[in-house]
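One structure below.
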Amino acid sequence: MPSFRPSRRLALSPVALAATLATLSAASASAQTAPADAAKNQLETVTVTGIRASLESALNAKRQDKGIVDVIKSEDIAKFPDTNLAESLQRVPGVVIDRDAGEGRNITVRGLGADFTRVRINGIEALATTGGTDSSGGANRSRGFDFNVFAAELFNSLTVRKSNQADIDEGSLGATVDLQAARPFDLKKFVATASLKGRYNDLIGKTDPRAAFLVSNTFANNTFGVLVSGALSKRRLYEEGFSTVRWDNGASSGGWCAPGTGNCGTGGVASIPSSLPPAKLPATADNLATYNTASSANNFHPRLPRYGRLTHDQDRVGLTGSVQWRPADTTTVSLDLLYSKLKATRQEDFLEAISFSRTAAQGGKPQTSVVESQYDANGALLYGKYNGVDVRAESRYDELSTTFTQPTLTVEHEFTDTLRAQVKLGRAESKFRNPVQTTTTLDALNVNGYAIDFRGNDRLPVISYPFDVTSASGPLQIVGVPVATSGTQATTVTNATTSEIRIRPQGANNRNDVAQIDLTWEPMDNFLLKGGVQHKRYKFDTYEFRRINQNDTIFAPASTAGLTTTLTGFGKGLSLPGGVATSWVIPDLKAIVAAYDIYCNCLKSGPVGGPGDFTLSSTTNGNARGNNRAVQETDQGGYLMAEFTRRPFGIKVDGNVGVRYVTTEQIATGYQSIGGGTEVTTVNKYSDTLPALNLAATVAPDVILRFAAAKAMARPQLGNLNPGGSIATTGTLSITAGNPYLKPFRAKTFDFSAEWYHDRNGFIGLGLFQKNIDTYIQSLRTNIAFKDSGLPLSLLPSNFTGDEIFQYTTPINTPGGKLKGFEINFQQPFNFLPGWGKNFGVLLNYTKVQSKITYLVSPTSNSVIVDDLINMSPTSANGTLYYDDGTFSARVSLSKRSSFLTRVPGQNNNDVEGKNGTKNVDLSLSYKVTPNLDLTLEGVNLTNEANDQFISRARNSSVVYHVTGREYLIGARYKF
């Protein structure tokens, strides 16, 4: 049996190499059966293009890999099948995505979320993060990769590696995703292409441009090549809908105002009549019964019921460059450069009631009387009418940007025909900046007659306001803290919430430095040894500033005139019930900035820390301190792996077996509250030995059985490693902090798959998988001596010895659980049909995952919740119907994901929080006018699928119900 090690003289690109290997392998297998089969294989080498070409290339790559992988290939240079990388990845069995602003942002693979998936770009581990809405996770300070940073046109290949092997660096329990940009030696000739599209969103009613280009050429007899590509796009859209910021029960926040005589509490000031506590309802039998029902701990209401519009404006620019040089047949040098810039603004405008989530000190729920109420049998509010409700028009404005850069140098050299080496150096750096995050409010205090009605629609209730919410001279005004004429200037109004100006600039940095050397020795045909060493240094830091006036209060302006504007035209894509406000008055940020000079970072008037102080602080600020932290990880690893082809019992078995050893040193920095912000730095070290086995048995010419087993690890979430927190050294001794001494997530993984490549583009596959997660991470309270906490004794008062017992609340390692499931993958061209029917085909896949984790409900009790792994959809499915005759091609795709959990236990007396299932439909059409010119039409999110978040398994109460509209792209692509 001859060796299939590629000759250096073939000068094949990775894509061409995969296709060549597939052809050689098929020919070799056929030669051992019958000459007729060999002739058949020769006929099957007819060149195809378009959708069928990309499917064939992807199947060849999957078939030839010794591990368990799925591959997506570009149909042609700069022509990826989706507008977003995450949305392309969701076509892979077992991969589901989470969206932000209607666009794929993160992925979950086989039930394991973004923190458990590693991403490599051009062979170098990378982490790109950006900012999102609060309901989608806000600014990404985790290990999860934000795919929306990049334009899809920058890459021509995506590979999802579901099984581990020793030469793939550690850090993943879910999958390793490889993104590969094009190189000039892939093309081996002059290629130039450009595309231009217009994107129309039917909710905002605007059209935006999207463009891409690629130029590549090789010189000096294909020994030197240069490639440059770029993509730019603008995307403007509305995100509209209803949200609640969670639900809570009747007893929360101090409970409702009980019927009786007098007022609902005390507080307020005479100069702001609306701040004075309202009168109680009379203590009639009906009022008392309504109050008692609403006060039940089993009955729940929304905390901040609100309708809102988010206006997104995004600009994305991406560039790649690749220079390759082959100074000799034995040496190839590649320099790959990647740059991406995502700039965005986001305006969030809400009309909301804030009383239901606030305490008496904020003039909240204890000042609110329940006039009428109805509850479902499961405890969900159906209808409520209330007095003493604080109504707010809230506007938040963000400026956000992510800049990603990555240079990668790869040198490949063959010392002999049997010994070769590869050296790879690279740095992937992501800088997220949110220099402006400003919230302003208009407020109407203690309004009587506010009502909310879910009886017609549990996602889109009718909210009634007893005043004109569109009037600039109505109750919604800037309610400021009165200026003291004598004595001490108050920072707030007692037992009331006045208007606010919040200023919260922030950012995060991620940097991966990688250096690795790999050696490959092939002492005989069908057997080789690989070994290598790797040095990685990962640096993460995040910062945030807030006003030193941590109540964010302001003085009243001389006049509200000119400080407001009006939102109009709300609800176009929602089918709102009658009576819902479609316009309301909102703060005018530009006018407020000018009137208050809020960005001066200075004391404008009054005392330090008062309503007129716009000075910002960070580590000394109790509200901002937790987001000022850093982690540095230095990983030293090495591996040894054997690859082989053997024929036991006449069955061809390809495989690899090896072991990887890695040591991790983590240096974590955070800030404790003592001394107004004391820096704490801790060091933790651990090591892992990670064996891995992959086997692929060709039991018939077109049937492959695969088995994989490995030990895997994923490092703890970055937020949990924060050594900062708070320490109480009076009263109950307590520590609340992260845990920089967490062990990584560790698991034993097992995979089995059966694959039948029954046609050129035909495939049927069944995959079984199980991950025995040995360690998980949850928060728990324990009683330990301070000296055993790992924190320095210098944080304690001088009379403490360190032997004192503290209540320590922190993330800890807990037992995990089993995750298991299966995937079914079916790919079938309809070439058995007559005429034009043979140009159709389908791609179908279905995944089912099971996992039960025991979650601690409270750190002080033995109560537990047994439920699904966070971010795991128990079922997911994808289907694509395509047509491709070489001139006209079309595809329509459906992606379905079942509901999943995002937090266990849930907040505010709820068991869980999560997202309901989604069904997304996309369409793509392409017509080849000439061999060089294609016209395209695409439809994205054709069903206007909602982002539907819930709280409580039993109630499925709405937390977010937002839509972003349908998008249509029409364009042209020219290949020179």
- Task: Evaluate the criterion side-chain contact (heavy atoms from CB on, under 4.5 Å) for residue pair Val680 and Tyr671; output intermediate values, then yes/no.
- Result: CA-CA 6 Å; Val680 179; Tyr671 296 87; over 6 Å; no

- Task: Would you check, one step at a time, whether the test side chain to side chain donor-acceptor pair (under 3.5 Å) holds for Gln632 with Gln666?
- Result: CA-CA 6 Å; Gln632 176 178 295; Gln666 286 176 339; over 6 Å; no

- Apply side chain to side chain donor-acceptor pair (under 3.5 Å) to the pair Thr542 and Arg141, showing each step before the final yes or no. CA-CA 7 Å; Thr542 176; Arg141 297 182 174 92; 2.6 Å; yes

- Message: Between Leu310 and His312, does the side-chain contact (heavy atoms from CB on, under 4.5 Å) criterion hold? Intermediate values first, please.
- Response: CA-CA 6 Å; Leu310 289 73; His312 300 269; 3.8 Å; yes

- How far apart are the C-alpha atoms of Thr438 and Tyr599, what are their side-chain angles, what is the distance that settles it, and do they pass the side chain to side chain donor-acceptor pair (under 3.5 Å) test? CA-CA 10 Å; Thr438 303; Tyr599 297 133; 2.7 Å; yes

- Message: Working note: Tyr397 + Glu399, criterion side-chain contact (heavy atoms from CB on, under 4.5 Å); need CA distance, chi angles, decisive distance, verdict.
- Response: CA-CA 7 Å; Tyr397 176 74; Glu399 294 180 0; 3.1 Å; yes

- Query: Does the side-chain contact (heavy atoms from CB on, under 4.5 Å) test come out yes or no for Ile478 and Leu563, once each step is laid out?
  - Reply: CA-CA 9 Å; Ile478 295 179; Leu563 300 183; 3.8 Å; yes

- Task: Might you work through the side chain to side chain donor-acceptor pair (under 3.5 Å) test for Thr553 and Asn551, ending with a clear yes or no?
- Result: CA-CA 5 Å; Thr553 52; Asn551 294 297; 5.5 Å; no

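With hydrogens and angles disregarded, a donor-acceptor distance shorter than 3.5 Å links the side chain of Asn446 to the backbone of Leu276. Here the side chain of Gln778 pairs a donor or acceptor atom with the backbone of Thr854 at under 3.5 angstrom. Counting only distance, with no hydrogens or angles, the side chain of Gln437 and the backbone of Arg502 share no donor-acceptor pair below 3.5 Å. Between the side chain of Lys365 and the main chain of Gly250, a donor-acceptor pair closer than 3.5 Å is present. Between the Asp541 side chain and the Ala630 main chain, no donor and acceptor come within less than 3.5 Å of each other. Checked by atom type and distance alone, the side chain of Asn628 pairs as donor or acceptor with a backbone atom of Ala624 at under 3.5 Å. Side-chain atoms of Asp613 do not come within 3.5 Å of backbone N or O of Asn549 as any donor-acceptor pair. At distances below 3.5 Å, at least one donor-acceptor pair connects side-chain atoms of Asn434 with backbone N or O atoms of Val436. A donor-acceptor contact shorter than 3.5 Å is absent between the side chain of Arg309 and the backbone of Gly241. Between the side chain of Asn106 and the backbone N or O of Phe145, at least one donor-acceptor pair lies under 3.5 Å.
Taken to the nearest 0.5 Å, the OG1 atom of Thr492 stands 12.0 Å off from the CG atom of Asp552. Taking CZ of Arg303 as the start and OG of Ser243 as the end, the distance is 12.0 Å to the nearest 0.5 Å. Separation of atoms OG1 (Thr810) and CD1 (Ile784) is listed at 8.5 Å; rounding is to 0.5 Å. Rounded to the nearest 0.5 Å, atoms CZ (Arg246) and CG (Asn910) are 9.0 Å apart. Separation of atoms CD1 (Ile870) and OG1 (Thr902) is listed at 7.5 Å; rounding is to 0.5 Å. With values rounded to the nearest 0.5 angstrom, Leu442 atom CG is found 6.5 Å from Thr564 atom OG1.
Taking a cutoff of 4.0 Å between a charged side-chain nitrogen and a carboxylate oxygen, Asp98 and Lys915 qualify as a salt bridge. A salt bridge links Arg396 to Asp398: one of the charged nitrogens lies within less than 4.0 Å of a carboxylate oxygen. Between Lys604 and Asp597 a salt bridge is recorded (basic side-chain N to carboxylate O distance below 4.0 Å). Salt bridge status for Arg392 with Glu500: present, with a side-chain N to carboxylate O gap under 4.0 Å. A salt bridge does not link Arg629 with Glu679: every distance from a Lys NZ or Arg NE/NH1/NH2 to an Asp or Glu carboxylate oxygen is 4.0 Å or more.
Side-chain contact between Ser395 and Glu348 is absent, with no heavy-atom pair separated by less than 4.5 Å. Within the 4.5 Å cutoff, side-chain heavy atoms of Val683 are placed close to those of Glu665. Counting heavy atoms from C-beta outward, Ile503 and Leu616 have side chains that approach closer than 4.5 Å. The closest side-chain heavy-atom distance from Thr682 to Ile667 is not below 4.5 Å. Side chains of Ser430 and Leu127 form no contact here, defined as non-hydrogen atoms less than 4.5 Å apart. Within the 4.5 Å cutoff, no side-chain heavy atoms of Val912 are placed close to those of Ile951. Counting heavy atoms from C-beta on, the side chains of Tyr776 and Asn813 never come closer than 4.5 Å. Considering only heavy atoms from C-beta on, Ser957 stays 4.5 Å or farther from Pro302 through its side chain.
Nearest heavy-atom pair, Asp248 versus Asn908, reported as atom, atom and distance to 0.1 Å: OD1-O, 3.1 Å. Residues Pro278 and Gln367 approach most closely at CG-O, 3.3 Å, considering heavy atoms. Between Pro505 and Pro435 the shortest heavy-atom distance is CB-O, 3.4 Å. Minimum heavy-atom separation, Val960 to Ser135: CG2-CB, 3.6 Å. Here the closest heavy-atom approach between residue Asn909 and residue Ser252 is recorded as ND2-CB, 4.5 Å. Nearest heavy-atom pair, Ala393 versus Val585, reported as atom, atom and distance to 0.1 Å: CB-O, 3.3 Å.
Between the side chains of Thr664 and Arg715, at least one donor N or O sits under 3.5 Å from an acceptor N or O. Residues Thr441 and Glu394 bring no donor and acceptor atom of their side chains to less than 3.5 Å of each other. Between Arg433 and Ser401, the side chains place no donor N or O within less than 3.5 Å of an acceptor N or O (distance only, hydrogens not considered). Between the side chains of Tyr538 and Asn510, at least one donor N or O lies within less than 3.5 Å of an accepting N or O.
When each of Asp146, Asn148, Thr130 is paired with Arg105, the side-chain hydrogen bond (donor to acceptor under 3.5 Å, both in side chains) condition holds for Asp146 and for no other.
Taking the six-membered ring where the residue is Trp, Tyr450 and Phe356 present tilted rings, their angle falling between 30° and 60°.
Residues satisfying the side chain to side chain contact (heavy atoms under 4.5 Å, CB included) criterion with Asp911, sequence neighbours excluded, are Ile865, Ser952, Arg953.
Note that Arg306 lies in the cation-pi zone of Phe350, set by a 6.0 Å cut-off to the ring centre and a 45° limit from the axis.
Ring to ring, Tyr386 and Trp256 are close: their centroids are under 6.0 angstrom apart.
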